Amino acid sequence: MKRQNQESVEARAPWRFEAQDDGQPRGERTSSAGIVAFSVILFVVFYVVAFGLCWLARGAIEPWQFFVAFAAAALFAMGVHIAQQWERVVVLRLGKFNRVSGPGLFWTIPFIEQNAARIDCRIRATTLDAKETLTSDLVPLDVNAVLLWMVYDAKAACTECSDFSRTVELAAQVALRDAIGRLSAAEVAIRREQLDADIKGVLENEAAQWGLSVLSVKVRDILLPQSLQDTMSIEAQAEQRRKARLILMEAEQDIAAMLEEVRTAYASEDAALKLRAMHLLYESVRETGGTVVVPSSFSEGFGDVLPDEMKNAAKSLAV
């Protein structure tokens, strides 16, 4: 029953983090087979050397020589370590911090010094999900973001925080929710860069004391409630219609001003106005390829400006 209640609580939780399989971040896994093989080879070589020295010292093979050689080889292998290029190893001496070793080959004193932690100093990516987070105008939003961070101080990450990876994830989650709560729904949807900067500023101050560096925070997706999406869509459509009408009115004003100039130009030139009418008639016929039937009264209107040949042609069209 207790397990079922726990599963139901986790199912209702708006967000949660999954535990990692090992100490390495998700992504490409690195192999430590070479380090293990190197330690085994060192153990075998030193065992042979220690056994040979015991045999030379006694001049004969005795059972205790095997145990001495094994113990000496084990102590030697315990003191030799290798750290990968991206790893830093925190070494404690009798429980106190001594140094940070790596990358490469380093030595420790068996039973006196110990490797407290191997810290991966590569850039890590953490996904943040804030579901049904209330904005300043009480609108629930689902926001998804990506946090890029890395460890720059292995000592602080090991000694100041018990689980720095989990801590920075939870801190980023809280910072994301707080940043959303200070903005309205419209501001969250429009001012993504401001939201990223606010979250990064809060995390940088907190993560610095743990030896962590926050590189960037990027909001990937913002999901609005369906009802709010419909309302914002109607508002956007109304705004576009308003802009279209303003543009149309400005165009009509320009056209009216141009017509006023044309009226002034043709006011004292009746012949030019009639020629313009003929030109418009010709253009319409040429583009459409049709035939225009001109009434007789219309053809007579061109009588004052047309030569005799064109008058006769116009009268023939009117018949």
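Remember, predicted model here, so these are calculated numbers, not experimental data. Below, all heavy atoms of this structure are taken into account, side chains as well, without hydrogens, waters or symmetry copies.
Of the possible donor and acceptor atoms, one in the side chain of Glu187 sits under 3.5 Å from a partner among the backbone N and O of Ser184.
Pairing each heavy atom of Ala172 with each of Leu128, the nearest pair is CB-CD1, 3.5 Å. What you find for Ala154 and Val100 is that their closest heavy atoms are CB-CG1, 4.2 Å. Taking both residues in full, the closest heavy atoms of Ala145 and Leu176 are given as CB-CD2, 4.4 Å, listed atom of the first, atom of the second, then distance. Considering all non-hydrogen atoms of both residues, Arg177 and Thr133 come closest at NH1-OG1, 3.3 Å. Taking each heavy atom of Thr126 and Trp149 in turn, the nearest pair found is OG1-NE1, 2.9 Å. Minimum interatomic distance between Ala83 and Gly102 (heavy atoms only, all atoms of both residues): CB-CA, 3.9 Å.
Looking at heavy atoms from C-beta onward, Asp120 lies out of side-chain contact with Glu87 at the 4.5 angstrom threshold. Residues Asp163 and Ser165 form a side-chain contact, since some pair of their non-hydrogen atoms from C-beta on lies under 4.5 Å apart. Here the side chains of Leu147 and Val168 are in contact, with some heavy-atom distance below 4.5 Å. Between Asn115 and Val90, the closest side-chain pair of non-hydrogen atoms is not below 4.5 Å. Side-chain atoms of Leu75 and Phe111, non-hydrogen and from C-beta on, do get closer than 4.5 Å to each other.
In this structure, CG on Leu94 lies 9.0 Å from CD1 on Ile109, to the nearest 0.5 angstrom. Here the CG atom belonging to Leu42 is positioned 14.0 Å from the CE atom belonging to Met78, to the nearest 0.5 angstrom. We find the CD1-CH2 distance between Ile119 and Trp86 to be 15.0 Å, quoted to the nearest 0.5 Å. Separation of atoms CG (Asp198) and CG (Asp178) is listed at 11.0 Å; rounding is to 0.5 Å. Rounded to the nearest 0.5 Å, atoms CZ (Arg192) and CG (Leu183) are 13.0 Å apart. Cys121 contributes atom SG, which lies 6.5 Å from atom CE of Met150 (distance to the nearest 0.5 angstrom).
For Phe67, the side-chain contact (heavy atoms from CB on, under 4.5 Å) test picks out no residue, with sequence neighbours left out. In terms of the side-chain hydrogen bond (donor to acceptor under 3.5 Å, both in side chains) criterion, Asp153 has no residue partners (sequence neighbours excluded). With sequence neighbours left out, the side-chain hydrogen bond (donor to acceptor under 3.5 Å, both in side chains) criterion links Gln114 to no other residue. By the side-chain contact (heavy atoms from CB on, under 4.5 Å) test, Phe66 is found to be paired with Tyr47, Phe51, Ile61, residues two or more places apart in sequence or in another chain being considered. Every residue two or more places apart in sequence or in another chain that forms a ring-ring contact (aromatic ring centres under 6.0 Å, His included) with Phe46 is listed here: Phe76. Partners of Thr167 under the side-chain hydrogen bond (donor to acceptor under 3.5 Å, both in side chains) rule, at least two apart in sequence or in another chain, do not exist in this structure. Listed by chain and number, the residues in a side-chain contact (heavy atoms from CB on, under 4.5 Å) with Glu160 are Ala156 (sequence neighbours excluded). Remark: Thr135 engages Asp137, Val139, Leu141, Ile180, Ala185, Val188 in a side-chain contact (heavy atoms from CB on, under 4.5 Å) (not counting sequence neighbours).
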Exercise. Applying side chain to side chain contact (heavy atoms under 4.5 Å, CB included), run through Val91 and Thr108 and close with a yes or a no.
Key: CA-CA 8 Å; Val91 180; Thr108 59; 4.2 Å; yes
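Under the 4.5 Å side-chain heavy-atom criterion for Ile, Leu, Val, Met, Phe, Trp and Tyr, Leu203 and Val143 are members of the same hydrophobic cluster. When the side chains of ILVMFWY residues are joined at heavy-atom separations under 4.5 Å, either directly or via intervening members, Trp107 and Phe38 end up in a single hydrophobic cluster.
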Distance-only check: which donor-acceptor pairs under 3.5 Å involve side-chain atoms of residues 238-258, not counting sequence neighbours?
| unit_1 | atom_1 | unit_2 | atom_2 | d |
| --- | --- | --- | --- | --- |
| Glu239 | OE2 | Arg242 | NH2 | 2.7 |

Please list every donor-acceptor pair under 3.5 Å in which a side-chain atom of residues 209-223 meets a protein atom from a residue at least two apart or in another chain.
| unit_1 | atom_1 | unit_2 | atom_2 | d |
| --- | --- | --- | --- | --- |
| Gln209 | NE2 | Glu206 | O | 3.2 |
| Arg220 | NE | Asn144 | OD1 | 2.6 |
| Arg220 | NH2 | Asn144 | OD1 | 2.7 |

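Neither side chain, Ser101 nor His81, offers a donor N or O lying under 3.5 Å from an acceptor on the other.
Ring centroids of Phe43 and Phe70 are separated by less than 6.0 Å, placing the two rings close together.
The salt bridge (charged side-chain N to carboxylate O under 4.0 Å, His left out) contacts involving residues 94-115 comprise Arg93-Glu113, Arg99-Glu113, where partners must be two or more places apart or lie in separate chains.
In this structure, Val202 stands alone, with no Ile, Leu, Val, Met, Phe, Trp or Tyr side-chain heavy atom under 4.5 Å from its own, directly or through other members.
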